[in-house]
Amino acid sequence: MKTDPFAFDIIAPDFIPSQYDNHIERRLSAMAGQYADSTALAAVLAESDPLLYQVYELRRPPVAGELLHGISIVHPGKIGDEYFMTKGHFHQVIDTAELYYCLKGRGFMVMETPEGESRVESLRPGRALYVPPRWAHRSVNASLDQDLVTFFIYPGNAGHDYGTIEQQGFRKLVVERDGNPVIIDNPRWLPPK
Ligand code: S6P
Ligand code: ZN
């Protein structure tokens with residue numbers, strides 16, 4: 001499919017792209033199993049189903065030479081002491097990388113490989129982050145009063161594999177302790193076989 005060059009704007013304060021062709025809204029009910037504190041989770045869901053994050057995608061044909069890109073906005077909040085976060089995934093074509101650039105907020109990218117290696121990198125405005133091939137990734141908003149906004153770019157054929165993360169989560173969790181974000185081990189996580 002031939003595409004002409006195009007340009008668009010991503011402008012403060014909300015950074016919603018001036019053009020996009022897919023808008024995803026993820027609510028708590030869609031990823032309830034990911035939060036460690038099931039009592040806090042049930043209490044929140046009994047009252048409401050909060051919007052955790054939104055993604056604005058400029059979709060591209062699913063081929064290696066294309067670059068799918070867009071904006072991810074994780075809203076502020078917690079379930080128990082665990083901050084709002086994205087579901088997280090491996091790419092379906094696992095050896096595809098992704099580049100993130102943080103435009104707003106404070107947070108972390110939690111990453112791990114199928115072999116159980118784990119890394120957590122800070123996100124703050126002006127910071128670029130490279131997620132290498134084979135690293136699952138999840139963004140966490142560690143601020144309770146502002147959105148975490150990132151611009152992402154990855155190969156058009158990468159796809160998403162959510163299954164592994166849905167089963168046992170990431171090796172590390174980001175939680176609030178005495179008003180500060182702290183990285184702890186996920187008690188539910190199991191080492192690779
Ligand atoms: C896609 C890229 C982002 C995420 C978005 C939402 O490869 O990493 O666009 O899709 O941040 O996260 P998730 O885990 O719900 O897809
Ligand atoms: Zn990705």
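Ligands are counted one by one from 1 in listed order, and the atoms in each one are counted from 1 as well. In what follows, every heavy atom counts, from backbone to side chain, and hydrogens, waters and symmetry copies are set aside.
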Rounded to 10 degrees, what angle sits at the Zn ion (ligand 2) between His89 NE2 and His91 NE2?
110°
Within reach of ligand 1, part of His137 (heavy-atom separation under 4.0 Å)
side chain
Taking atom 9 (O) of ligand 1 as the point of reference, which of Tyr162, Phe90, Phe152, Tyr154 owns the nearest heavy atom?
Phe152
How about Gln34 and Arg138: does a side-chain donor come under 3.5 Å of a side-chain acceptor?
yes
To which protein heavy atom is atom 2 (C) of ligand 1 closest, and what is the distance rounded to 0.1 Å?
Glu98 OE2, 2.8 Å
Starting from atom 1 (C) of ligand 1, which protein heavy atom do you reach first, and at what distance in Å?
His160 NE2, 3.1 Å
Of the protein's non-hydrogen atoms, which lies at the shortest distance from atom 12 (O) of ligand 1, and what is that distance?
Thr86 CB, 3.5 Å
Tell me whether the count of non-hydrogen atoms from other residues, nucleotides or ligands lying under 6.0 Å of CZ in Arg119 goes above 12.
no
If we only count N/O pairs under 3.5 Å, is Arg26 in contact with ligand 1?
yes
Side chains of His137 and His89, donor plus acceptor under 3.5 Å:
yes
Which protein heavy atom lies closest to atom 8 (O) of ligand 1, and at what distance to 0.1 Å?
Tyr100 OH, 2.5 Å
The atoms of ligand 1 lying under 4.0 Å from a heavy atom of Lys87, numbered in the order shown, are 14 (O), 15 (O)
Closest protein heavy atom (residue, atom, distance) for atom 5 (C) of ligand 1:
Val55 CG2, 3.8 Å
As a test of reading the structure, name the N/O/S atom of Glu98 that is nearest the Zn ion (ligand 2).
OE1
Going by atom types only, do Trp135 and Glu117 share a side-chain donor-acceptor pair under 3.5 Å?
no
Using 2.8 Å as the threshold, say whether any N, O or S atom from His160 sits that close to the Zn ion (ligand 2).
no
Looking at His137, which of its N, O or S atoms is the nearest one to the Zn ion (ligand 2)?
NE2
On the six-membered ring of Phe6, is Arg60 placed so that its NZ or CZ lies under 6.0 angstrom from the centre and within 45° of the ring axis?
no
Ignoring hydrogens, what is the shortest heavy-atom contact between Ala97 and Tyr130? Give both atom names and the distance.
CB-OH, 3.2 Å
Counting neighbours of CD on Glu47 that are heavy atoms of other residues, nucleotides or ligands and sit closer than 6.0 Å, is the number greater than 12?
no
Go through it in stages, so that I can follow the logic: the residues are Asp37 and Glu82, the test is side-chain contact (heavy atoms from CB on, under 4.5 Å), and I'd like the CA-CA distance, side-chain angles, deciding distance and then a yes or no.
CA-CA 8 Å; Asp37 184 341; Glu82 200 172 0; 5.9 Å; no
Sub-4.0 Å heavy-atom contact, His91 with ligand 1:
yes
With no hydrogens and no angle check, is any side-chain donor or acceptor of Arg171 less than 3.5 Å from a backbone partner on Glu112?
no
Return the closest protein heavy atom for atom 4 (C) of ligand 1 as residue, atom name and distance.
His89 CE1, 3.8 Å
To check you understand the geometry: which heavy-atom pair defines the closest contact between Val174 and Pro181, and what is its length?
CG1-CB, 4.2 Å
Check: His75/Asp147 side-chain N/O donor and acceptor closer than 3.5 Å:
yes
Give the residue and atom name of whichever protein heavy atom lies nearest to atom 15 (O) of ligand 1, and the separation in Å to one decimal.
Tyr53 OH, 2.5 Å
Closest non-hydrogen protein atom to atom 11 (O) of ligand 1, residue and atom name please, with distance?
Ser72 OG, 3.4 Å
